[in-house]
Amino acid sequence: MYTAKTGHGGPVFATGLDDQAKARLTMLEELRAGLGRDELVLHYQPKVTVEPVPRVHGVEALVRWQHPERGLIYPDTFLYTAESADLMGRITALVLELAIRQAREWHAEGLEISVAVNLSVSDLRDPGFPDQIAELLHRYALPTSALELEVTESVLMTDAEQALSVLGALRAMGIRLAVDDYGTGYSSLSYLQKLPVDDLKLDRAFVSRCATDERSAAIVQSTVQLAHSLGMRIVAEGVEDSEIFARLQEYGCDLAQGYGILRPQSAAVVTDWLRSQTSAMAA
Ligand code: C2E
Ligand code: MG
Ligand code: MG
Ligand code: MG
C-alpha cells in the first residue's frame, strides 16, 4: 500500500520479474543453439564397491554445458529451465547416446563397467522411452546390464501410474533402477513399498556427516539395513574422505561415490583413472 502510493514499488518489482523472464529466455535460446552445436558434454564419476575392498563398479554420467563465453555450466543451473520448456526429452536422448557410446568404448578395451544416467520427470511420461533405450543399446551392441538409470523421489511422485509402467518396462529389459537423493523427498516409505527399483542412493546430506554426527550415522546405518531387508543395494553419495568410507565399511554399505574417491571428470581423465585402477588390481 505504502509503496504503491509513492509510485515506485510496483514498477521496481515488475522490472525485476521482467529481468528474470528475459534472462530465462536468453538462457533458453542459448541452450537450444548449444544443443545444436554439441555444447552439452558429460563428466563421469565412479561408483566403487565398499566391501571387501574398493573396486570399480561403474560410473555415473553428469551433464555439463560447455558455454562458449560463460564457461562450464552445471546442471542445477539449466535443467529446470530446460524441463519447463520441453527441452528435457532432447537432453536425455543426447545424454543417453553419449553415455552409451562411451560405455561401448570402455567395454571394447576390457573395462566392462556400467554407466548410470539420470532421468527427469518427462522421460517417465513418455511410453516410447523403453523402446528408445532398447534401440540405443542394440545400436551400440551393449548389454542392458551395462546401463543403470537414476530417478529422484520427486520424479517418482508425479504421474505415479505412468511412471510405474515405464519403470516396470525398463526393469523387465534388465536395466537396474536407482532412487536418487534418497531421504530428501517426501513419501519415501510408501513408494519403497511398491516401486520396482534395485538401488537406493542415500543422499549426501546424511552420508557426508556420518563420521562426525551421531544422528547422521544412525540414519546411514538404519538405511543400509532397510535397503538390505527390502533386497535392495545401497549406494552412499557424498563420500568425501576416508573416515566416511571406513564407516560405510562398518555398516555394510554396498557402493560408494564421492569427491573423496573421484570428482566428476571428463571421459579422458576417467578413462585413465579406470585403467590405473584395473592395473592396480591386476598387480
Ligand atoms: P545427482 O544425480 O544426485 O548427482 C550427484 C551430484 O553431487 C553431482 O552434481 C556431483 O558432482 C555431486 N557430488 C558427487 N560427489 C560429491 C561429494 O562428495 N560432495 C559434494 N558436495 N557433491 C558431490 P552435479 O553434477 O552438479 O549434478 C547435480 C544434479 O543434476 C544431479 O544430482 C542430477 O540430479 C542432475 N543431473 C546431472 N546430470 C543430469 C542428466 O544428464 N540428466 C538429468 N535429468 N539430470 C542430471
Ligand atoms: Mg544421480
Ligand atoms: Mg544424488
Ligand atoms: Mg541430486
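Counting starts at 1 for both ligands and their atoms, in listed order. Residue indices begin at 1 and follow the sequence shown. Source: prediction; values computed, not measured.
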Handout entry: Distance filter under 4.0 Å to E240 heavy atoms, resulting ligand 1 atoms
Key = 17 (C), 18 (O), 19 (N), 20 (C), 21 (N)
Practice task
Indicate, as side chain, backbone, both or neither, the part of H43 found under 4.0 angstrom from ligand 1 when only non-hydrogen atoms are considered.
Solution key: neither
Exercise for the section: Only counting residues at least two apart or in another chain, list the ones meeting salt bridge (Lys or Arg N to Asp or Glu O under 4.0 Å) with D198. Expected result: R171
Practice task
Confirm or rule out an N/O/S atom of N118, from backbone or side chain, lying less than 2.8 Å from the Mg ion (ligand 2).
Solution key: yes
Practice task
Please could you name the atoms of ligand 1 that P264 approaches to less than 4.0 Å, counting only its heavy atoms?
Solution key: 11 (O)
Handout entry: Element-labelled atoms of ligand 1 that are located less than 4.0 Å from some non-hydrogen atom of L119
Key = 44 (N)
Problem - From CG (L147) to CD1 (I175), nearest 0.5 Å - result: 5.0 Å
Exercise for the section: Report yes or no: does M88 have a heavy atom closer than 4.0 Å to ligand 1? Expected result: yes
Completion exercise
OE2 (E60) to the Mg ion (ligand 2) to OE1 (E150), nearest 10°, is 90°
Exercise for the section: Return yes when R263 approaches ligand 1 closer than 4.0 angstrom through a heavy atom, no otherwise. Expected result: no
Problem - Ring centers of Y44, W273 separated by less than 6.0 Å - result: no
Handout entry: Check: L137 and P143 side chains under 4.5 Å, non-hydrogen atoms
Key = no
Exercise for the section: Take every heavy atom of Q45, measure it against each atom of ligand 1, and state whether any distance is under 4.0 Å. Expected result: yes
Practice task
Would you mind telling me if ligand 1 is within reach of the side chain of L62, the backbone, both or neither, using heavy atoms under 4.0 Å?
Solution key: both
Exercise for the section: Sequence neighbours left out, what pairs pass side-chain hydrogen bond (donor to acceptor under 3.5 Å, both in side chains) with at least one residue falling in residues 84-97? Expected result: R24-S84, T92-D123, E97-R139, E97-Y140
Exercise for the section: Measure the spacing between CG of L28 and CG of L87 and express it to the nearest 0.5 Å. Expected result: 6.0 Å
Handout entry: At the Mg ion (ligand 3): angle between D181 atom OD1 and D180 atom OD1, to 10 degrees
Key = 90°
